[in-house]
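First comes the structure, then the notes that go with it.
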Amino acid sequence: MSSAAVLRTYATLPSPSTSLPPRVLLSHNASTLAIFDAYPKAKYHFLVLPRYPFPSNNDPESTRSICRLSDLDDLRSLLTKTTRDAREQIVGQMAEMAREVEEMIRDEMVKSEGWEWRIDVGFHAIPSLKHLHLHVISDDRLSPALKTKKHYNSFRPDLGFFVSIADVQRWILDDDDTIRERALLGTHSLLASPLTCFKCDEPHHNVPKLKSHLEKEFQEEGRKALARIKKTGRQRTSSEEDMF
DNA sequence: GTTCTAGAAC
DNA sequence: GTTCTAGAAC
């Protein structure tokens, strides 16, 4: 399947685990699905989708939905069309599933590479696929499917096109329309921003050169992390541990 | 979102 | 001459 509606198809399945193969479905619960991104833009890249009908936290068994299907088109419609209570529940459930996915990714990182690296969790301001989806993506950005400047810039954590889940949760708490409107101003033109490394700001002439630089960044991070683990027995400092 | 490919960039 | 990008088609 490869239409723009594929995510919506997944999100409306009454029984995801019997309809989707394990190479597509990572996990699910009453309100959300976690799936493998079909064209991963990093070593680890998953999507978290709200299911429809979306059940209320107060009545998880009910088949009644707390929002309309069209309210789940994208981040903008979630933030502008749903009730405050509904969007709080939807984003809250998505964030919870994203945390579970992060845990699975960290386990895999330790198994495969022996160290853990950053994971970014956020939405695209202007998505190409219909149905709200939250990206959970490792910050190596090393993948054969990452081919264009657009791909790369759409996941830059600092550009405004990729909107972190933390920002979205803050807007919902503040419940301020002006903040929300300003925050959703991410435009397509951002994707034409110059190619620079989001870790060290170094500019690069084209995507292949950027990709070999990212490979170097990853190797170097790994070298440092493994050295620290060897020396201290753990990767993070005690103050960093408190954040997890 | 991807694939294909013409022509720009080098 | 080859590599790479970006717009059209899907």
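Lettering follows sequence order; numbering is per chain, from 1. Worth saying up front: this structure is predicted, and the values here are computed from it rather than measured.
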Report the distance from atom [atom1] of [X] to atom [atom2] of [N], rounded to the nearest whole Å.
X	N	atom1	atom2	answer
A:Lys147	C:dT3	NZ	P	16 Å
A:Lys211	C:dT5	NZ	C1'	14 Å
A:Asn206	C:dT3	CG	P	12 Å
A:Phe161	B:dG1	CZ	C1'	12 Å
A:His204	C:dC4	NE2	P	14 Å
A:Lys149	B:dA9	NZ	C1'	13 Å
A:Leu7	B:dG1	CG	P	11 Å
A:Asn153	C:dT5	CG	P	12 Å

Of the candidate nucleotides C:dC4, B:dG1, B:dT2, which contains the atom at the shortest distance from the side chain of A:His151?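 Minimum distance to the A:His151 side chain belongs to B:dT2.
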
When you look at CZ of A:Arg84, are more than 12 heavy atoms from neighbouring residues, nucleotides or ligands closer to it than 6.0 Å? yes

Check: A:Tyr44 and A:Val101 side chains under 4.5 Å, non-hydrogen atoms: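 They are not in contact (no side-chain heavy atoms under 4.5 Å apart), so the answer is no.
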
Side-chain heavy-atom pair A:Phe198, A:Leu159 within 4.5 angstrom cut-off: no

Would you indicate what [X] reaches in the nucleic acid, counting non-hydrogen atoms under 4.0 angstrom: base, sugar-phosphate, or nothing?
X	result
A:Pro127	nothing
A:His133	nothing
A:Lys41	sugar-phosphate

Hey, is A:Arg106 close enough to A:Glu102 for a salt bridge, meaning N to O under 4.0 Å?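 Judged by the 4.0 Å cut-off on N to carboxylate O distance, A:Arg106 and A:Glu102 do form a salt bridge.
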
